Amino acid sequence: MSVVVARELRRDFVVGRGADRKPLLLRAVDGVSFTIGQGETLGLVGESGSGKSTTGRMLVGMLPPTSGHLALFGETVSYNPAAFARLRRRLQFVFQDPSAALDPRMRVGSSIAEPLEAAGGMTRWDRTGRVAELLDMVGLPRHAAERYPHEFSGGQRQRIVIARALALRPEFIVCDEPVSALDVSMQAQIVNLLLDLQESFGLSYLFVAHDLAVTRSVSNRVAVMYAGSIVELAPRRALYDTPQHPYTRALLAAVPRPDPHAPRREVIGGEVPSLLYRPPGCIFAARCPHAMAVCRSEVPTPREIAPGHQAACHLY
Ligand code: ATP
Ligand code: SF4
Ligand code: MG
């Protein structure tokens, strides 16, 4: 069963008024479709502002879509707060910056226990036991519960945030750049922790990152996002070994590779287009070395070019 089924999810933000007083709409996410299976990790990669966090927030009910269809655990999602309350326990969101996610004045144990307390139904004694169990799970000593966030490193703080996210035994977690703020050695540790937890509890993840280096070790499949659209989606091997979309190839060119003699991949200059005044046709056309006349007039729709491998590009 798919844990997440997203069809044509779209999200606009009103960012002001035009000269004609009509609302100015910024289309942050322009109709994305994908699924995430049980125990699966879908990597979601793209430059800053491509709509990754907005997509993730829609999946866990933090932000209603402007249009589109979302089903979680086989049920169509309605964003009315009462209906969503039932689902909320099964969903979690881990942010990039663990310091911002933790109250500096609260002991770590109280921070981790907070969702348990809010959910109710547990005695203080039970909660203390559960906090100890959660600290074990994320590889922190039990006495960490008595200390404050500033006494820990960035990586340890991210472990605390993950412990809190796991408190209510969620099934699906959006990890929004969970290692971007950490140094490289710490990144690998947190990634391994997330993988271990996934194996132990059958968790499903949407794993957001801004480059393709980090997602490689965690994702079963990877979706590449550009200016609000998913331009390519493929199983991990296919995406890294045979990328099809010119933008994916450009992103891969930026990933350091072990073989220094391998031929250089194409690097793409230019800037992400304005999301306020979207050009007609392919949103990548202004930066694409392969752009043709049709690219400037017709929006390419995603097409399956191999089993499970789709790209939205007029070259295919
Ligand atoms: P980053 O890598 O910087 O985190 P992102 O891919 O997560 O970027 P989003 O945060 O989803 O991108 O933002 C997509 C676009 O939507 C951006 O142009 C952003 O400025 C805009 N946006 C996001 N949230 C809002 C909001 N609440 N109001 C107005 N615009 C917003
Ligand atoms: Fe480039 Fe055209 Fe493909 Fe867009 S549709 S990525 S402009 S070749
Ligand atoms: Mg983001």
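None of these values were measured; they are calculated from a predicted model.
- Judged as a salt bridge (Lys or Arg N to Asp or Glu O under 4.0 Å), and not counting sequence neighbours, R57 has no contacts.
- Nearest heavy atoms, M225 versus G51: CE-O, 3.6 Å.
- Note: the hydrophobic cluster containing V294 also contains Y316 (ILVMFWY, side chain heavy atoms under 4.5 Å, direct or indirect links).
- The shortest non-hydrogen separation linking D103 to R105 is OD1-N, 2.9 Å.
- Surrounding CD of Q38 are at most 12 heavy atoms belonging to other residues, nucleotides or ligands under 6.0 Å away.
- Legend: side chain to side chain donor-acceptor pair (under 3.5 Å) pairs involving residues 59-74, not counting sequence neighbours, sorted by first then second residue: H69-T76.
- Residue pairs meeting the ring-ring contact (aromatic ring centres under 6.0 Å, His included) criterion with at least one partner in residues 87-135, sequence neighbours excluded, are F93-F95.
- Contact annotation: the side chain of F34 never approaches that of Q310 to less than 4.5 Å [non-hydrogen atoms, C-beta and beyond].
- Here the straight-line distance linking atom CD1 of I230 with atom CG of L42 works out to 7.0 Å at 0.5 Å rounding.
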* Test side chain to side chain contact (heavy atoms under 4.5 Å, CB included) on L168 and L116 and set out the steps. => CA-CA 7 Å; L168 295 173; L116 299 171; 4.0 Å; yes
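- R90 meets the salt bridge (Lys or Arg N to Asp or Glu O under 4.0 Å) test with E171; sequence neighbours excluded.
- Here the side chain of E146 pairs no donor or acceptor atom with the backbone of H143 at under 3.5 angstrom.
- Atom CG of L59 and atom CZ of F172 lie 5.0 Å apart (nearest 0.5 Å).
- By the 4.5 Å heavy-atom criterion applied to side chains, M186 and V179 are not counted as neighbours.
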When the side chains of residues 194-210 are checked against the rest of the protein, which donor-acceptor pairs come out under 3.5 Å, sequence neighbours left out?
from, atom 1, to, atom 2, distance (Å)
Q198, OE1, T41, OG1, 3.4
Q198, NE2, G39, O, 3.3
Q198, NE2, T41, OG1, 2.9
Q198, NE2, L203, O, 3.1
S200, OG, D196, O, 3.0
S204, OG, G37, O, 3.2
S204, OG, G39, N, 3.0
Y205, OH, L194, O, 2.6
H210, ND1, E177, OE1, 2.8

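- For the pair R10 (side chain) and G68 (backbone), a donor-acceptor distance under 3.5 Å is absent.
- Shortest non-hydrogen contact noted between S33 and E8 is OG-N, 2.9 Å.
- The neighbour count for R124 CZ, taken as heavy atoms of other residues, nucleotides or ligands under 6.0 Å away, does not exceed 12.
- In this structure, the side chains of I162 and P178 stay at 4.5 Å or more apart for every pair of heavy atoms.
- Between S219 and Y240, the side chains place no donor N or O within less than 3.5 Å of an acceptor N or O (distance only, hydrogens not considered).
- Follow the hydrophobic side-chain contacts under 4.5 Å out from V3 and you never reach I173; the two are in separate clusters.
- Within the structure, the salt bridge (charged side-chain N to carboxylate O under 4.0 Å, His left out) test picks out no pair touching residues 306-316 (sequence neighbours left out).
- Taking D136 as the reference, R142 meet the side chain to side chain donor-acceptor pair (under 3.5 Å) condition, with sequence neighbours excluded.
- Of all heavy-atom pairs spanning D30 and R27, the tightest one is OD1-CD, 3.1 Å.
- To the nearest 0.5 angstrom, C288 atom SG is 6.5 Å from L315 atom CG.
- In the hydrophobic clustering of ILVMFWY residues, with side-chain heavy atoms under 4.5 Å counting as a link, L233 and M58 come out together.
- V174 and V218 are assigned to two separate hydrophobic clusters, defined by single-linkage of ILVMFWY side chains at heavy-atom distances under 4.5 Å.
- I283 is not listed as a side-chain neighbour of Y247, based on a closest heavy-atom distance of 4.5 Å or more.
- In the hydrophobic clustering of this structure, V4 groups with M1; members are Ile, Leu, Val, Met, Phe, Trp, Tyr whose side-chain heavy atoms approach within less than 4.5 Å, directly or through other members.
- Counted within 6.0 Å of CZ on R303, heavy atoms from surrounding residues, nucleotides or ligands total 12 or fewer; the atom is thus considered open.
- E117 places no side-chain N or O within 3.5 Å of a backbone atom of E114 that could act as its donor or acceptor partner.
- Atom CD1 in I112 sits 10.5 Å away from atom CZ in R130 (nearest 0.5 Å).
- The hydrophobic cluster around V14 extends to L25, counting ILVMFWY residues whose side-chain heavy atoms fall within less than 4.5 Å of a member.
- At distances below 3.5 Å, at least one donor-acceptor pair connects side-chain atoms of R11 with backbone N or O atoms of P64.
- R157 and S99 get closest at one heavy-atom pair: NE-OG, 3.2 Å.
- L193 has its side chain within reach of V138: a pair of non-hydrogen atoms, C-beta onward, lies under 4.5 Å apart.
- In terms of heavy atoms, C295 sits closest to H314 at CA-CD2, 3.8 Å.
- R86 pairs by the side chain to side chain donor-acceptor pair (under 3.5 Å) definition with E75, not counting sequence neighbours.
- Counting only residues at least two apart or on different chains, the side chain to side chain donor-acceptor pair (under 3.5 Å) pairs with a member in residues 224-237 are Y226-R287, E232-T248, E232-H309, R237-D241.
- The OG1 atom of T128 sits 9.0 Å away from the CE atom of M122 when rounded to the nearest 0.5 Å.
- Residues in residues 158-168 take part in these side chain to side chain donor-acceptor pair (under 3.5 Å) pairs, two or more places apart or across chains: R159-Q189.
- Applying the side chain to side chain donor-acceptor pair (under 3.5 Å) test to Q96 and every residue at least two apart in sequence or in another chain returns nothing.
- In this structure, CG on D97 lies 9.0 Å from CG on L102, to the nearest 0.5 angstrom.
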